[in-house]
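Here's the structure, in structure tokens; my notes come after.
Just so we're on the same page: letters track the sequence lines, and every chain starts at 1. When reading the values below, keep in mind they use all heavy atoms of this one structure, side chains included, and skip hydrogens, waters and symmetry mates.
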Amino acid sequence: MAHELASKYDPKEVEDRLYRKWEENGYFKAGEDEGKPNYCIVIPPPNVTGQLHMGHALDETLQDILIRQKRMQGYNVLWQPGTDHASIATEMKLVQQLAEDGLTKGEIGRGEFLKRAWAWKEKYENRIISQLKKLGASCDWSKTRFTMDEGLSNAVEEVFIYLYNKGLIYKSAKIINWCPECKTSLSDAEVEYEDQPGFFWHIRYPYKDGSGYVEIATTRPETLLGDTAVAVNPEDERYKDCVGKMLILPLVGREIPVIEDEYVDKEFGTGAVKITPAHDPNDFEVGLRHNLEQICILNDDGTISDNGGKYAGMDRYEARKAIVEDLKEQGFLVSVEPHEHNVGTHDRCHTTVEPMIKPQWFVKMDELAKPAIEAVKSGELRFYPERYAKIYLNWMENIRDWCISRQLWWGHRIPAYYCDECGEIVVGHNAPERCPKCGCTHFHQDEDVLDTWFSSALWPFSTLGWPEETELYKRYYPTNALVTGYDIIFFWVARMVFSGLEYTGKLPFKDVLMHGIVRDSQGRKMSKSLGNGIDPLEVIDKYGADALRFTLVTGNAPGNDMRYYDEKVEASRNFANKLWNASRFVLMNLKEELPETMDAADLTAADRWILSKFNTLAKEATEALDKYELGITADAVESFIWEEFCDWYIEMVKTRLYAEPCKDRTAAMWTLVTVLSGALKLLHPFMPFITEELYSYLRPQEETIMYAKWPVYQEAWNFPHETEEVDAMKEAIRGIRDVRTQMQVSPKQKTTVIFVSDDAHTQDIFREGASFLAPLAFAEEVRVQADMTGVEATAVSIPLHKMTAFIPLEQLIDLDKERARLGKEKERLEGEIGRLEKKLSNPGFTGKAPQAVVDGERAKQTRYKEQLHQVEEQLARLS
RNA sequence: GGAGAUAUAGCUCAGUUGGUCAGAGCGCUGCGUUCACAUCGCAGAGGUCGUUGGUUCGAGCCCAACUAUCUCUACCA
């Protein structure tokens, strides 16, 4: 059973090979075992033409951890993969590509454009999927879906028709956000507001009767072209007499009224507001209340329309300049002041959005939002961390109707048909035979497509086969957890919740695990424009997928942003290497068949100690994972492996391993293999590759670690006494090393170490541990005894619990220094004892604190007193 | 305008039901290359847990106020 493993772990040699093995053996396939509980996560579908970035890496790692653990716990598991068509993002890329060829969308036409889009999709969908595989993602790839594949498109139409028939989808000419660059409407969620420096132009609007002016202020003077009123607050004394009078709109000459409306804030600006119903959401509302004309002054590309008179055809910003110039020249401009204001921009292209009135399709939200709000308030839907529930609720409770139509080509075309004769709208999967209104047989389909998020909202059930009652759907819906970034709570999470509730009657998932953003080392968001993005694939290539995964889950709290550093990945890589070498050590020494189980009576205190520690770890790791505390779990497993297992247990058993085969050696080997393979299992969800590789050597009879039984706490491995005793020995060793370092004793200098204790049981434990106490404490001889026989007065003493360790260092010792050291120790112990004395004499503490806490403090005090006594005795001997 | 988050060792961050919780990694100091590992080992220095009050026998941990930074959200022309 000799194993020849390299002294360094090489992820490249392992990862692709193991991933292939997993795939070929069908380990990722969704379980269908009737007797088992089910567990399902749907992947947040990456953009089909996108590339893997750190956000994906984090998101996918978290999901894979949950999925792999559940699989080991014996669930039927489905991690449902797929990709999103990302309507606007993909279309932008295509348009850009066309532009490089000197073409435009319009020139090639819808048919040709879609042909290219599908070709593009075919070309790139594999790229993102193979990148996810590089991370180790254990999705059931055989079930990969795409938001525009047949089934999902059908689900989209189904929902659209359903909502339309229910009156929850309607078409209306309302004011919407328009992107002049992409030439499409946008939902409110797609508008990003940013503060931009601008100006406040004060302009005079003269009364028609020549009796003076009203002064208004605006940040967008070009919209003056569409003004149809000036509004003042009804309470405003200053303008009381003006209401109802007519004004002449400068440059345009149109007569517009002065109206009064509550919306106007008396305190802001001049207290008089120009009203442009066609280009401002507020003005739109005011316009409706006062029956004002809506004059659209912009074309779809952001140039001034024919309604703009001499400015027609100019770009909106050129027009702004020209209008300001003209106002100035004609004496209407009163003043200009710098003014910071909030500008809405398109989140994709960052072009300033223009409010416009356009006929668009909307989802009526108030009714849909109610159950989605209730689900969170009742606790049925839970956010981890909880604070995100507040953010969700705040948005849901103030939600407005969702504009779902887009003037794009790549996406789900709206299933609405218009009668060529009378314009009647018929919504359905196909055009009707004849118009229900006029009987005409000619129809044309709505040109627009749906917001990408309309289909994403159905993802948790459309991917499982809905609206068909498939086996998959029945088994795995509702899903268990959703894992995603807080940046898409509104876009996606909220919409899936109300969609699931409305169409399936169930919440699409119970738990929502939110994570933050991976930032660069300076805390900046990674972005293309800054060029500060880190490519996860390069990181994997350099350090391995396990190292990247481990880095992304450790050292940051759920829901918080994190910074990426190479140094962090190096640390994870080093951990993988440490584990590799520890395993190599175990395998090197594995020369025999080991028994399945071991009688506790055959184990030493050290063996029982590590089993106990592992037992506790298994319990804590499972509990932490159940609470989505993945980082804490990873930390606990790492420190167990590195500190307890490598630094202590392996060192403790070495002498036993180097002995000839015997029962004691077997016990050590059994414990090593048992604990290590258990630790590998706990680590597997986090570091799937290296754990599988090592497990295959340690447990060659098992096919894979992926379906190895997840460790659970077992009472048979609970050894509280040994845990305490071995921890005491660790303390003794540390104390001895510390003293030797302080005394600057060379590691080459071996000594005798004498443990003195009048407790027979403690003596036994230390005698048993002598085989490792000696090498770890640099001793050539270890003596355990009840009295001071043979201990010179000048020996260095280390006070321990129920025991003192002595090291006779002979002439190496400077007695004055040793006295000083012990004096300091005495001072420290006296301080601790005094502190505890005060605490324990406080009746408030002893009376109100739990008994266990009080007892703990008492025991601590007793212990310090013992140690103090030992120090004092030694000081007496030295003088 | 509203809401939320963060403020803990030189740096980046953990610390989840208030009682060994003052921690980790990196960095730093000293020592170390006997057969798992220098992608390592051993020992160590370093913080009155943003400020001020409060609740409590006891508070990084709960409450209030304040300061600083960040984020989300909102129609103030």
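- If you take atom P in U6(B) and the same atom in G58(B), they sit 26 Å apart, rounded to whole Å.
- With P as the reference atom, C75(B) and G2(B) are 15 Å apart, rounded to whole Å.
- When heavy atoms are screened at a 4.0 angstrom cut-off, W201(A) is found touching no nucleic acid atom at all.
- Separation of the P atoms belonging to A22(B) and C49(B) is 13 Å when rounded to the nearest angstrom.
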Generate the contact string for nucleotides 28-33 of chain B. Rules: B means base contact, S means sugar-phosphate contact only, - means no protein heavy atom under 4.0 Å. -----S
Heavy-atom protein contacts under 4.0 Å, nucleotides 70-77 of chain B, coded B base, S sugar-phosphate only, - none: --SSBBBB
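- Taking atom P on both U51(B) and A7(B), the two are 13 Å apart, rounded to the nearest angstrom.
- With both ends at atom P, the span from A9(B) to G23(B) equals 14 Å, rounded to whole Å.
- At a threshold of 4.0 angstrom between heavy atoms, the contacts of K627(A) with the nucleic acid are absent.
- The interatomic distance linking K390(A) (NZ) with A3(B) (P) rounds to 11 Å, in whole Å.
- Put simply, K8(A) has no side-chain N or O that comes within less than 4.0 Å of OP1 or OP2 on A36(B).
- Taking the C1' atoms as reference points, G15(B) lies 24 Å from U52(B), given to the whole Å.
- Rounding to whole angstrom units, CD of residue Q742(A) and C1' of G44(B) are separated by 9 Å.
- C28(B) and U34(B) have their P atoms separated by 25 Å, given to the nearest Å.
- Comparing G41(B), G19(B), G25(B) by their closest approach to the side chain of F845(A) singles out G19(B).
- Proximity of the aromatic rings of Y213(A) and Y205(A) is defined here by a centroid distance below 6.0 angstrom, and this criterion is not met.
- Under 4.0 angstrom from either OP1 or OP2 of A43(B) there lies at least one side-chain N or O belonging to R737(A).
- The glycosidic torsion of G60(B) lies within 90° of 0, placing the base in the syn range.
- Taking the side chain of R563(A) as heavy atoms from C-beta on, and the options U12(B), G44(B), A36(B), the nearest nucleotide is U12(B).
- Centroid-to-centroid, the aromatic rings of F268(A) and F200(A) come within less than 6.0 Å.
- Here G15(B) is the nucleotide among G41(B), C37(B), G15(B) with the atom lying nearest to any side-chain atom of A557(A).
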Secondary structure of RNA chain B in dot-bracket form (Watson-Crick or G-U wobble, distances below 3.5 Å, | marking inter-strand pairs): (((((((..((((.....[...)))).(((((.......))))).....(((((..]....))))))))))))....
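- Between N556(A) and A582(A), the residue anchored closer to the 5' end of RNA chain B is N556(A), taking for each the nucleotide with the nearest heavy atom.
- Across all strands, R734(A) comes closer than 4.0 Å only to sugar-phosphate atoms, never to a base (heavy-atom distances).
- Within 6.0 Å of the CZ atom in R519(A), the count of heavy atoms belonging to other residues, nucleotides or ligands exceeds 12.
- In the set G19(B), A36(B), C11(B), G19(B) carries the atom at the smallest distance from any side-chain atom of A849(A).
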